[in-house]
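Both ligands and their constituent atoms are indexed starting at 1 by order of listing. All values reported here derive from a predicted model rather than from experimental measurement.
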Amino acid sequence: MIEVKGLTKQYGNIFAVSGISFKVQKGEVFGLLGPNGAGKTTTLECLEGIRKPDSGELNVAGCNPLSDGRNLRRNLGVQLQSSSLPDGIRVDEAMSLVCAWHGVPVRFDLFKRFGINDFSKKQYHALSTGQKRRLHLALSLASNPKVVILDEPTAGLDVQGRAQLHDAIRNLKSEGITILLATHDMAEAEMLCDHLAIMVKGRIAVTGTPEQVTAVGNTETRIVIRTKNNSLLPGRDIGSARFIRATEEYVEWVCSDVATSVMDILKQVQAAGDTTEDLRVQKPSLEERFLELVDRRERK
Ligand SMILES: Nc1ncnc2c1ncn2[C@@H]1O[C@H](COP(=O)(O)OP(=O)(O)OP(=O)(O)O)[C@@H](O)[C@H]1O
């Protein structure tokens with residue numbers, strides 16, 4: 001549904017995007033992650049047809065963003081990072097305007113869906129950040145697009161607003177809409193994305209499912225255990241599990257082979273006639289993997 005091949009974009013002597021390629025399949029949520037200045041917005045703007053790439057081939061829902069603007073506008077919904085409307089425009093007027101621009105009947109049905117009816121008569125300047133985000137998402141769907149691009153849709157939202165937006169994104173996915181999501185929020189990416197790519201300095205550093213991306217890092221899995229008689233204290237390496245620290249009751253190791261290490265530790269507990277009271281296996285998070293990768297690439 002989206003295909004990017006060898007996309008390059010330079011601003012003067014800054015390589016914002018350096019020959020990146022990726023594909024987004026129909027109906028999936030694809031996350032584009034990266035630190036500030038990694039080239040995410042430039043990539044999205046090229047796909048939206050508002051920025052001209054220096055080289056590369058782009059396809060969005062069967063359209064070339066540069067030469068097929070009319071079809072692209074029908075098939076692609078966009079929620080920009082800096083979306084804005086005139087202060088004095090009313091919410092319902094904004095929807096009428098956008099629908100008229102697309103040449104489609106007015107879509108007040110989207111107000112019900114995104115809980116906008118309560119503030120549909122308010123002026124834009126009087127909306128909260130969360131209300132604005134919901135409105136922009138609704139406006140991006142006015143033409144019933146096959147693909148939606150969301151650039152940091154939950155930035156600045158409170159916990160409830162973020163959860164509402166996440167539900168809305170899941171609903172769009174369940175309707176078969178393809179979503180390209182740029183975000184700084186690792187937990188959001190881990191929860192919502194089927195695949196993701198981490199961009200650093202204009203290149204894709206790693207891509208895959210959130211599990212695949214997390215698994216290829218050097219960050220090891222942690223095993224934390226508390227036993228009845230504290231027989232594992234003061235703590236030492238056991239088999240391939242490397243001892244990290246012990247607090248009053250808990251002992252912590254890191255390991256790469258979780259199953260073997262857990263078994264080795266539990267055997268030790270049993271041999272000491274002790275009982276396990278709490279056992280936690282903590283996989284590295286996408287955030288840890290992201291920090292590890294960005295740190296390594298940015299030092300290059
Ligand atoms: N219009 C522009 N003119 C000159 N340089 C630009 C322009 N837009 C972006 N850049 C530069 O291109 C690089 C990539 O910027 P871009 O906005 O695409 O990154 P980003 O990953 O979206 O960052 P952020 O997470 O901060 O939004 C940065 O070095 C930025 O300073």
Side-chain angles (χ1 to χ4, degrees), residues 2-24 29-60 65-66 69 72 76-85 129-130 132-133 136-137 140 147-157 161-162 165-166 169 178-193 195-208 210 213 285-300:
I2 300 178
E3 188 161 5
V4 174
K5 264 197 227 165
L7 173 66
T8 297
K9 176 71 192 175
Q10 213 174 329
Y11 301 107
N13 56 6
I14 297 172
F15 273 93
V17 180
S18 302
I20 65 164
S21 302
F22 62 90
K23 277 187 193 173
V24 185
V29 181
F30 189 97
L32 206 52
L33 316 186
N36 291 131
K40 305 178 298 292
T41 299
T42 303
T43 303
L44 299 186
E45 287 175 349
C46 290
L47 286 167
E48 289 153 10
I50 55 178
R51 217 169 266 292
K52 189 170 179 290
D54 295 327
S55 60
E57 288 171 36
L58 302 179
N59 187 313
V60 181
L66 277 186
L72 185 74
L76 174 68
V78 176
Q79 187 193 19
L80 294 173
Q81 202 179 108
S82 54
S83 293
S84 190
L85 287 167
T129 308
K132 283 181 181 164
R133 289 280 156 72
H136 285 293
L137 185 58
S140 75
V147 178
V148 179
I149 291 181
L150 306 174
D151 196 356
E152 294 184 35
T154 55
L157 293 191
R162 192 167 160 269
L165 244 295
H166 288 170
I169 292 171
T178 307
I179 299 163
L180 179 56
L181 167 76
T183 181
H184 283 284
D185 185 331
M186 298 297 131
E188 173 169 293
E190 221 163 357
M191 261 189 304
L192 293 177
C193 296
H195 286 94
L196 52 90
I198 298 182
M199 285 186 79
V200 186
K201 291 184 174 173
R203 295 179 193 277
I204 291 183
V206 62
T207 183
V213 170
S285 64
L286 183 61
E287 178 157 334
E288 284 172 303
R289 173 69 184 127
F290 176 86
L291 291 172
E292 177 193 327
L293 201 128
V294 170
D295 188 43
R296 189 164 4 116
R297 296 271 167 154
E298 290 202 325
R299 271 195 268 119
K300 272 189 185 173

Going by the order shown, which atoms of ligand 1 are within less than 4.0 Å of some heavy atom of [X]?
| X | result |
| --- | --- |
| His184 | 25 (O) |
| Pro35 | 21 (O) |
| Ala38 | 19 (O), 20 (P), 21 (O) |
| Ala16 | 12 (O), 13 (C), 14 (C) |

(message) Quick one, His184 with Asn36, criterion side chain to side chain contact (heavy atoms under 4.5 Å, CB included). Give me CA distance, side-chain angles, the key distance, then yes/no.
(response) CA-CA 9 Å; His184 283 284; Asn36 291 131; 3.5 Å; yes
Any N/O of Gly39 closer than 3.5 Å to an N/O of ligand 1?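 So ligand 1 has an N or O lying under 3.5 Å from an N or O of Gly39.
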Before signing off on this row, confirm whether Gly37 and ligand 1 have an N or O atom pair separated by under 3.5 Å.
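Yes, at least one N or O pair falls under 3.5 Å.
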request  = Any chance you could lay out the side chain to side chain contact (heavy atoms under 4.5 Å, CB included) test for Ile2 and Phe30, step after step, and finish with the verdict?
outcome  = CA-CA 10 Å; Ile2 300 178; Phe30 189 97; over 6 Å; no
query = Where does Ala182 meet ligand 1, judged by heavy-atom distances below 4.0 Å: at the side chain, the backbone, both, or neither?
reply =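 None of Ala182 does.
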Atom pairs and distances, side-chain donor-acceptor, residues 7-16, under 3.5 Å, sequence neighbours left out:
{"residue": "Thr8", "atom": "OG1", "partner": "Gly19", "partner atom": "N", "Å": "3.0"}
{"residue": "Lys9", "atom": "NZ", "partner": "Lys52", "partner atom": "O", "Å": "2.9"}
{"residue": "Gln10", "atom": "NE2", "partner": "Gly12", "partner atom": "O", "Å": "3.2"}
{"residue": "Tyr11", "atom": "OH", "partner": "Thr42", "partner atom": "OG1", "Å": "3.0"}
{"residue": "Tyr11", "atom": "OH", "partner": "Arg51", "partner atom": "NE", "Å": "3.1"}

*asked:* Determine whether a donor-acceptor pair (N or O, by modelled atom type, separation under 3.5 Å) exists between the side chain of Lys40 and the backbone of Gly34.
replied: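 Indeed, once roles are kept as given, a pair shorter than 3.5 Å links the two residues.
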The test is side chain to side chain contact (heavy atoms under 4.5 Å, CB included); show your working for His136 and Leu85 and say whether it passes.
CA-CA 9 Å; His136 285 293; Leu85 287 167; 3.9 Å; yes
Just wondering, do Ser140 and Val78 contact through their side chains at under 4.5 Å, heavy atoms?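 The answer is no; the side chains never approach within 4.5 Å.
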